[in-house]
Amino acid sequence: MTAAVAGQQVPVAAPPTRTAAWRRLLRSPAGLVGAVLVALVVAAAVTALLGMTPYDPIAQHPQARLQPPSTQYWFGTDQFGRDVFSRSLAGVGNSLRVAVVAVFLSALVGTTAGICAGFYGGKVRGPVLAVTNVLFAFPPLLLALTLAATFTRNWLTIAIAIAIVYVPIFVRVSRGPVLSLRETDFIKAARVLGIPTWRILVRHLLPNLAAIVIVQVTLSLSWAVLTEAALSFLGLGSPPPAPSLGSMCSTPRFWLVRPGGTWRRRAPSSSSSWSGSICWATGCATLSTREMDATHDGSPW
Amino acid sequence: MTALLELADLRVSARSGRADREIVHGVDLTVEAGQTVAVVGESGSGKSLTMLAVMGLLADPLHLTGGAVRLGGRDLTALSERKLRAIRGNDAAMIYQDPMTSLNPLMRVGDQVIEAMTAHGVPKAEAGRRMLDLLARVGIPDPKRTARAYPHEFSGGMRQRVMIACALAMRPRLLIADEPTTALDVTIQQQILALIDELRRELGMTTIWVTHDLGVVARLVDRVVVMYAGHVVEDAPVRQLFSAPQHPYTKALLAALPDPSDDDRPPLAQIPGRPPAATDPVEGCPFRPRCSQAVDACATRPPLQTRMQGRAACWVPPHEWRN
């Protein structure tokens, strides 16, 4: 038997390692810039969530209201004498926490529903797609506003409200590819081998869907940051005095005419759009490196 | 000899709108344990559908509308999906047409072979050991190393070997090979055919080859079943089929096989017309419009009748055929 295959060489590439993937990421300029920016934002968020800000973000210093930036208060202080730098860090922390939880929940629920709707068809598809379409019919911000206004407000309920708004996106994004994956030969072959359906879904279908879902996650993260900021800008985010980038953009509008007002307005809003664009940049960066991966050795992630 | 697989009046239809359109019109077929049978026919003759029905894998809009599939005496059509799943890959296995796409691109090949066993309750450690033996047995060099490779690192022939390893992992009693070599180079084709035939003998498997190429399997099988437009038209021992075809369609198929040793190089024989589409209403013998021997009796459908050592569905016996 072995004689029949003598001469056939099977080239087996070294399995891709995690360190190699990191090195590739850092070698590309886009990947490097993205990694640095993400590191900065995440560091700021972690600092704030661990309570390691220079000042307590909600501590008021009445004797130091509306201070311009100084070595003592890097971004100055607001109308209650709260340190804007500390509040910005805390705001970034809050935004990221909300965005990560919201996107995680919506990806989990949406992808599961999308896979079921795509794979089973019939009785599952109808209800899932009906709910999806209804959710899609609302403008996302309006729906998030309604939900945020209904719940008691804290960061978790805000995250859940945003998650509900984003679920239909994940349903749609995952269902389409499942429809075509379902018909692929390797899924059929798995059925022929008698592999249980749940196992086919988890081990054969999901990994082949991962690329699409991951890109959607990176995009959604940046949108979720902006949605959270928009909610709190409109007064339906985390209730005061909790620091939030959106409300910090909103409140100083009334102080614009006062001396020293303009830069305070700038700090949180630019940092909000920063984190948004940074997430997006990360998305692009990971996407581009993944593509490089794929074309480079065709390996799975 | 006992029958391992029995198909009794098996009917498969496709749902289109409210109507059901029958595609396989009552196939009767018995395969004895240990026998090797080829099912041949043109594309659309219903041969692959029949085999999917055997595996219980007809997916919407296709469905079974009648008949029974008995494997080792057990009627598979009455089983729940759960019990069917336990039979698939375990008692009855199938090798597919296209090895290039039949393996999950994101899973190491070794793991895919292992999964074929763990799905049927083999403990993981044992499955791992058996996987290495299996890969070696189907002719994959250096199994320890290659088991860690991904499918894209393999050629078509190698992938088909992996598929064979998956299919035979549970030592099934019945193997259905659905055109397993169509997508491969001719030289690789011969290797794969030889490999499957070798393993068949080794494991004592009952084997059904599904193909549209009579030449490929002529040397491998005991019996040939010819299908046309969803009907079995002839079922005969392989020698008899080649030497004395009992159905004009079989004869035409044989005539269409090119003979390389022929010095004259006559134009390749063709069968005029084309098979009826599933949408065409068929009355009488389905081959009648293309048949050179058709007579008035052909307006009613001929049943499968015993002819020599086989069966054929034709009103006109060969000695009455006009040339």
Side-chain angles (χ1 to χ4, degrees), chain A residues 1-17 119-125 177 179-212 214 290 293-301, chain B residues 52 55 57 59-60 81-82 84-108 111-112 115-116 118-120 136-142 145-146 148-155 157-158 161 163 166-167 169-170 176 190-191 194-195 198:
Chain A
M1 185 59 247
T2 37
V5 286
Q8 278 193 37
Q9 281 291 315
V10 187
V12 178
T17 58
F119 197 78
Y120 291 108
K123 279 170 195 157
V124 186
R125 187 183 61 207
L179 287 179
S180 63
L181 277 173
R182 187 179 65 172
E183 301 301 322
T184 53
D185 287 339
F186 66 87
I187 297 286
K188 288 185 186 161
R191 293 195 61 206
V192 170
L193 289 173
I195 294 167
T197 307
W198 65 268
R199 211 158 153 162
I200 293 178
L201 292 183
V202 174
R203 290 201 60 179
H204 295 270
L205 204 117
L206 195 59
N208 283 286
L209 197 66
I212 294 154
I214 285 171
R290 287 314 184 193
D293 267 15
T295 48
H296 179 240
D297 56 16
S299 77
W301 308 46
Chain B
L52 281 180
M55 299 293 286
L57 283 172
D60 213 41
E81 172 60 27
R82 228 183 127 83
L84 265 180
R85 187 193 71 67
I87 287 175
R88 283 199 288 265
N90 199 359
D91 286 336
M94 196 162 172
I95 303 172
Y96 258 56
Q97 210 171 97
D98 194 353
M100 301 311 279
T101 53
S102 294
L103 290 167
N104 183 344
L106 300 187
M107 225 167 136
R108 297 178 196 277
D111 291 340
Q112 307 200 33
E115 201 182 19
T118 50
H120 295 287
R137 184 62 196 86
V138 297
I140 305 257
D142 196 0
R145 206 167 54 104
T146 40
R148 296 184 46 78
Y150 287 95
H152 74 271
E153 297 168 62
F154 276 24
S155 66
M158 298 291 276
R161 287 172 195 274
M163 291 304 300
C166 286
M170 297 304 294
I176 299 174
Q190 295 307 323
Q191 293 178 7
L195 173 66
E198 228 176 78

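In what follows, chains carry the letters A, B, and so on, assigned in the order in which the sequence lines appear, proteins first and then strands, with residues in each chain numbered from 1.
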For [X], is it the side chain, the backbone, both or neither that has a heavy atom under 4.5 Å from a heavy atom of chain A?
{"X": "B:Met163", "value": "side chain"}
{"X": "B:Glu81", "value": "side chain"}
{"X": "B:Asn90", "value": "neither"}

Review point. Which pair of non-hydrogen atoms, one from B:His120 and one from A:Leu193, has the smallest distance, and what is that distance?
Key: NE2-O, 2.8 Å
Exercise for review: Please name the pair of heavy atoms, one in A:Arg191 and one in B:Arg88, separated by the smallest distance, quoted to 0.1 Å.
Suggested key: O-NE, 3.1 Å
Exercise for review: Look at B:Ser102, B:Ala119, B:Gly89 and state which one has the largest set of heavy-atom pairs under 4.5 Å with chain A.
Suggested key: B:Ser102
Review point. If you count heavy-atom pairs under 4.5 Å between each of B:Thr118, B:Leu84, B:Ile87 and chain A, which one has the most?
Key: B:Thr118
Point to revise | Derivation of the side-chain contact (heavy atoms from CB on, under 4.5 Å) call for B:Met55 and A:Val192 | key: CA-CA 7 Å; B:Met55 299 293 286; A:Val192 170; 3.9 Å; yes
Exercise for review: Nearest 0.5 Å please: distance from the CG atom of B:Leu103 over to the NE2 atom of A:His204.
Suggested key: 10.0 Å
Point to revise | chain B contacts, top residue of A:Ile195, A:Ile187, A:Thr184 (heavy-atom pairs, under 4.5 Å) | key: A:Ile195
